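Given the structure is predicted, the values throughout are model-derived calculations rather than measurements.
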Amino acid sequence: QVQLVESGGGLVQAGGSLRLSCAASGRTFSRYSMGWFRQAPGKEREFVAVISGSGSSTTYADSVKGRFTISRNNANNTVYLQMYSLQPEDTAVYSCAADYFNRYSSNWRLYLDWGQGTQVTVSS
């Protein structure tokens with residue numbers, strides 16, 4: 001099991017940028033695929049991005065491709081989500097999640113460990 005703590009959310013105007021961080025506990029961080037997911041009020045949780053344990057592979061939802069970048073630093077057990085050109089439809093609670101089995105999945109149901117989430121609000 002790994003504990004995850006997100007930070008970096010906030011209020012930003014449309015077109016602005018934010019960088020989310022997710023700090024993980026534990027000594028085996030590099031074994032985990034790490035995903036970012038988001039959930040807007042009244043909507044289902046949706047996939048944003050995933051990065052493999054080594055960091056060599058990344059995949060994005062079509063809605064964020066070209067605007068968001070997921071990265072990780074295994075030396076300090078942190079995964080990041082850099083978000084550019086934010087739009088009001090990006091408003092949601094963003095959560096990071098860890099998959100010990102490194103399945104590199106966009107399916108949130110495969111992730112057992114979750115952070116508490118951080119609110120991102122984009123004003124028009």
Side-chain angles (χ1 to χ4, degrees):
Q1 188 176 9
V2 62
Q3 283 73 50
L4 304 172
V5 179
E6 300 99 335
S7 61
L11 173 64
V12 64
Q13 289 187 332
S17 302
L18 283 174
R19 188 176 83 154
L20 306 183
S21 299
C22 172
S25 65
R27 295 173 291 178
T28 59
F29 179 69
S30 63
R31 294 182 182 179
Y32 293 75
S33 295
M34 296 296 298
W36 283 99
F37 298 83
R38 67 187 182 185
Q39 188 166 20
K43 295 188 177 181
E44 293 187 354
R45 179 179 288 166
E46 66 171 344
F47 166 73
V48 175
V50 60
I51 188 167
S52 61
S54 66
S56 60
S57 298
T58 58
T59 298
Y60 298 90
D62 288 343
S63 59
V64 307
K65 200 172 295 183
R67 300 188 298 122
F68 291 10
T69 301
I70 188 170
S71 62
R72 66 191 297 161
N73 184 331
N74 286 343
N76 65 11
N77 286 12
T78 304
V79 63
Y80 305 96
L81 186 68
Q82 178 68 55
M83 305 184 292
Y84 295 104
S85 301
L86 284 161
Q87 300 301 317
E89 53 265 35
D90 294 316
T91 295
V93 174
Y94 285 70
S95 300
C96 64
D99 176 20
Y100 177 79
F101 298 101
N102 199 23
R103 287 171 286 192
Y104 189 63
S105 176
S106 61
N107 183 351
W108 64 266
R109 296 171 181 83
L110 297 182
Y111 291 79
L112 298 181
D113 297 311
W114 290 81
Q116 82 286 355
T118 185
Q119 177 71 46
V120 172
T121 303
V122 185
S123 63
S124 58

> Any side-chain heavy-atom pair from V50 and T58 closer than 4.5 angstrom?
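No - every pair of side-chain heavy atoms lies 4.5 Å or more apart.
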> Any donor-acceptor pair under 3.5 Å linking the side-chain atoms of S33 with those of N102?
yes
> Side chains of M34 and L4: does their closest heavy-atom pair fall under 4.5 Å?
yes
> Using only atom types and a distance under 3.5 Å, with no angle test, would you say the side chain of T69 pairs donor to acceptor with the backbone of Q82?
no
> Please verify the inter-ring angle class for F37 with W114; under 30° counts as parallel, over 60° as perpendicular, anything in between as tilted.
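Geometry flag for W114 against F37: tilted rings.
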> On the 0 to 90° scale, with breaks at 30° and 60°, tag the Y94-F68 ring pair as parallel, tilted or perpendicular.
tilted
> Taking atom CD as the centre, does E44 end up with more than 12 heavy-atom neighbours from other residues, nucleotides or ligands that are less than 6.0 angstrom away?
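Atom CD in E44 is not packed in, count stays at 12 or less.
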> Hey, does F47 have a side-chain heavy atom less than 4.5 Å from the side chain of V64?
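No. Closest side-chain heavy atoms not under 4.5 Å.
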> Is it true that Y80 and Y111 fall in one hydrophobic cluster, defined by side-chain heavy atoms closer than 4.5 Å?
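Different hydrophobic clusters.
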> If you take all heavy atoms of G53 and N74, which pair is closest and at what distance?
O-ND2, 2.9 Å
> Can you find a side-chain donor-acceptor pair between T118 and E6 that sits under 3.5 Å?
no
> Which pair of heavy atoms, one from S52 and one from S56, lies closest together, and at what distance?
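Heavy atoms of S52 and S56 come nearest at OG-N, 3.4 Å.
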> As a quick check of understanding, evaluate side chain to side chain contact (heavy atoms under 4.5 Å, CB included) for Y60 and I70, giving each step before the final call.
CA-CA 8 Å; Y60 298 90; I70 188 170; 3.5 Å; yes
> Tell me whether L20 shares a hydrophobic cluster with V122, the cluster being built from Ile, Leu, Val, Met, Phe, Trp, Tyr side chains joined at under 4.5 Å.
yes
> If you measure only the distance, is there a donor-acceptor pair under 3.5 Å linking the side chains of N107 and S105?
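Absent: no donor and acceptor within the cut-off.
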> Run the numbers on L81 and V48 for side chain to side chain contact (heavy atoms under 4.5 Å, CB included), then give the verdict.
CA-CA 9 Å; L81 186 68; V48 175; 4.1 Å; yes
> Measure across V2 and S25 and return the closest heavy-atom pair with its distance rounded to 0.1 Å.
CG2-O, 2.8 Å
> With heavy-atom distances below 4.5 Å as the criterion, would you say the side chains of N77 and R72 are in contact?
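The answer is no, as the side chains (C-beta and beyond) never meet within the 4.5 Å cut-off.
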> Once you round to the nearest 0.5 Å, how far does OG1 of T121 lie from CG of D90?
11.0 Å
> Quick one: does any side-chain atom of R38 pair with a main-chain N or O of V93 as donor and acceptor, under 3.5 Å?
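Looks like no, no N/O pair under 3.5 Å.
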> Does any donor atom in the side chain of S57 or Y104 lie under 3.5 Å from an acceptor atom in the other side chain?
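No.
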> Shortest non-hydrogen contact from P88 to S124?
CG-CB, 3.8 Å
> Could you grab the distance from atom OG of S21 to atom CG of N76, nearest 0.5 Å is fine?
9.0 Å
> May I ask you to check whether R31 and Y100 show a side-chain donor-acceptor distance below 3.5 Å?
yes
> Given side chains that start at C-beta, do those of W36 and V79 come closer than 4.5 Å, heavy atoms only?
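Sidechains of V79 and W36: in contact.
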> To the nearest 0.5 Å, what is the distance between CE on M83 and CZ on R67?
9.5 Å
> Check whether any side-chain heavy atom of S95 lies under 4.5 Å from a side-chain heavy atom of Q39, and answer yes or no.
no
> Are W108 and F101 connected in a single hydrophobic cluster, I mean Ile/Leu/Val/Met/Phe/Trp/Tyr linked by side-chain heavy atoms less than 4.5 Å apart?
no
> When you look at V120 and L18, which way does the side chain to side chain contact (heavy atoms under 4.5 Å, CB included) test go after all the steps?
CA-CA 9 Å; V120 172; L18 283 174; 3.9 Å; yes
> Atom CZ in R109, atom CZ in R45: separation rounded to 0.5 Å?
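One gets 9.5 Å once the value is rounded to the nearest 0.5 Å.
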> Using the rule that two of Ile, Leu, Val, Met, Phe, Trp, Tyr join whenever any of their side-chain heavy atoms come within less than 4.5 Å, decide whether I51 and F29 are in one cluster.
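Yes: a chain of side-chain contacts under 4.5 Å links I51 to F29.
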